[in-house]
Amino acid sequence: MPELPEVETVCRGLAQSLIGAKVISAEAYAPKLRIEIPQNLNSKLKNKTIKSINRKAKYILIELEEIIIIAHLGMSGRMTIQDHENFSRKKHDHIVIDLKLKAGEKKYLVLNDPRRFGIFTLSSHEDINKHKLFSKLGIEPFSEEFTWQALEKICSKRTKNIKGTIMDSSLIVGVGNIYACESLFKSGIHPERPAESLSKKEIKKLHKEIIETLEEAIAAGGSTLKDYSKANGESGYFQFNFKVYGKESQPCQVCNSKILRIVQNNRSTFYCKKCQK
DNA sequence: ACACGCTCCTGAACGC
DNA sequence: TGCGTTCAGGAGCGTG
């Protein structure tokens with residue numbers, strides 16, 4: 001499922017092709033995903049040119065003249081650019097935008113989302129910064145604001161387990177289940193530890209590993225599961241080497257003891273009992 | 001303010 | 001083979 005690195009990768013991929021593209025037509029084939037899809041998409045997007053494409057938390061912001069598309073890939077969303085030649089709308093293709101690229105070529109931008117946890121909505125430029133979807137977002141892990149002291153503050157007096165804490169998007173954005181598991185493993189911190197129990201040294205280590213894990217995944221092109229594709233539609237797995245995620249019962253790459261799986265906050269957690277204290 | 005559990009959705013994987 | 005059940009999970013929301 002798309003986590004921050006995947007969304008970043010998708011944004012970069014889309015930006016490469018679509019900056020300067022003009023909307024010929026836009027059509028929605030579902031009334032809602034996680035929230036309602038605006039009606040009359042076509043009249044709102046037609047003839048507008050794409051100015052920039054950026055990521056905010058796990059949201060994709062496609063900025064056009066006078067309007068901004070806010071998209072979220074949820075669990076199973078894919079945003080792909082497809083050729084006109086032999087194009088046919090597939091199952092779960094919920095949004096299809098016909099675009100004329102800067103160079104003149106025509107392409108479709110398609111949002112496919114089988115599990116429909118995604119979002120596709122619109123905002124004006126003036127409303128974007130106070131948009132409801134963004135009102136409770138925590139710190140961006142790549143921002144200057146995300147210092148180890150900021151993480152220390154988040155963890156202080158927090159009784160909740162550290163894994164749930166770093167995954168809480170009202171505190172820190174973009175750390176999903178996979179990278180929470182991975183960064184805790186690399187930090188040697190047990191996922192069930194109360195956030196407030198972490199020492200300063202551990203906070204510093206975790207802070208560093210969260211950033212590095214996400215950076216590494218972006219460098220690898222984002223990690224993925226099997227129902228995910230890159231922006232250009234090329235499917236398949238990325239090359240990120242998971243140390244614990246999905247490795248239940250397999251030997252730890254560091255100490256050889258069995259990777260364990262537990263359920264925390266209704267989510268699977270994978271960890272090494274020996275490496276993570 | 002915080003912690004926690006429920007919910008949305010579909011397809012894959014699994015059990016009988 | 002085929003049906004039913006379980007699981008995956010981001011994040012908003014309601015409850016205590």
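Keep in mind it's a predicted model, so treat the numbers as computed, not measured. Below, read A as the first sequence line, B as the second, and so on, with proteins coming before strands; counting in each chain starts at 1.
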Worksheet item: If every non-hydrogen atom of A/C275 is compared with every non-hydrogen atom of A/F185, which pair is closest and at what distance?
Response: CB-CE1, 4.0 Å
Practice prompt. For residues A/N112 and A/P114, report the shortest heavy-atom separation together with the two atoms involved.
Written response: OD1-CD, 3.3 Å
Discussion item. Please determine whether a side-chain nitrogen or oxygen atom of A/H92 lies at a distance below 4.0 Å from atom OP1 or OP2 of B/dT10.
Written reply: no
Worksheet item: OP1 or OP2 of C/dA11 sitting under 4.0 Å from any side-chain N/O of A/S170?
Response: no
In terms of side-chain heavy atoms, does [X] have a donor or acceptor partner in [Y] at a distance below 3.5 Å?
{"X": "A/N177", "Y": "A/K163", "value": "yes"}
{"X": "A/Q82", "Y": "A/T80", "value": "yes"}
{"X": "A/E105", "Y": "A/H84", "value": "no"}
{"X": "A/S187", "Y": "A/E209", "value": "no"}

Between protein and nucleotides 4-8 of chain B, what N or O pairs are separated by less than 3.5 Å?
none

Atom-to-atom span, [atom1] of [X] to [atom2] of [N] - whole angstrom:
{"X": "A/D168", "N": "B/dA3", "atom1": "CG", "atom2": "P", "result": "9 Å"}
{"X": "A/L171", "N": "B/dA3", "atom1": "CG", "atom2": "C1'", "result": "12 Å"}
{"X": "A/M75", "N": "C/dG10", "atom1": "CE", "atom2": "P", "result": "7 Å"}
{"X": "A/L133", "N": "C/dG10", "atom1": "CG", "atom2": "P", "result": "17 Å"}
{"X": "A/E6", "N": "C/dA8", "atom1": "CD", "atom2": "C1'", "result": "15 Å"}
{"X": "A/R78", "N": "B/dT10", "atom1": "CZ", "atom2": "C1'", "result": "14 Å"}
{"X": "A/F134", "N": "C/dA11", "atom1": "CZ", "atom2": "P", "result": "11 Å"}
{"X": "A/K58", "N": "C/dG12", "atom1": "NZ", "atom2": "C1'", "result": "14 Å"}

From [options], nucleotide with atom closest to [X] side chain:
{"X": "A/S268", "options": "C/dA8, C/dG10, B/dG11", "value": "C/dA8"}
{"X": "A/S169", "options": "B/dG11, C/dG10, C/dG12", "value": "C/dG12"}
{"X": "A/R115", "options": "C/dG12, B/dC9, C/dG10", "value": "B/dC9"}
{"X": "A/Y245", "options": "B/dA3, B/dT10, C/dG9", "value": "C/dG9"}

Show me the protein contacts with nucleotides 13-16 of chain C, counting only N or O atoms at under 3.5 Å.
residue	atom	partner	partner atom	Å
C/dC13	OP1	A/K132	NZ	3.4

Worksheet entry | Inter-residue atom distance A/I97.CD1 - A/I50.CD1, 0.5 Å rounding |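 It comes to 7.0 Å.
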Do NZ/NE/NH1/NH2 and the carboxylate oxygens of [X] and [Y] come within less than 4.0 Å?
{"X": "A/E216", "Y": "A/K186", "result": "yes"}
{"X": "A/R78", "Y": "A/D113", "result": "no"}
{"X": "A/E140", "Y": "A/R55", "result": "yes"}

Discussion item. Looking at A/S76 and A/R115, would you say the former's side chain and the latter's main chain have a donor-acceptor pair under 3.5 Å?
Written reply: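 Yes: the side chain of A/S76 pairs with the backbone of A/R115.
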Worksheet item: Taking five pairs at each end, how big is the angle between the two axes of the helix from B/dC2-C/dG16 to B/dC16-C/dG2, to 10°?
Response: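 Inter-axis angle at the termini of the helix from B/dC2-C/dG16 to B/dC16-C/dG2: 50°.
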Worksheet item: Would you call the rings of A/F134 and A/H131 parallel, tilted or perpendicular, where under 30° means parallel and over 60° means perpendicular?
Response: tilted
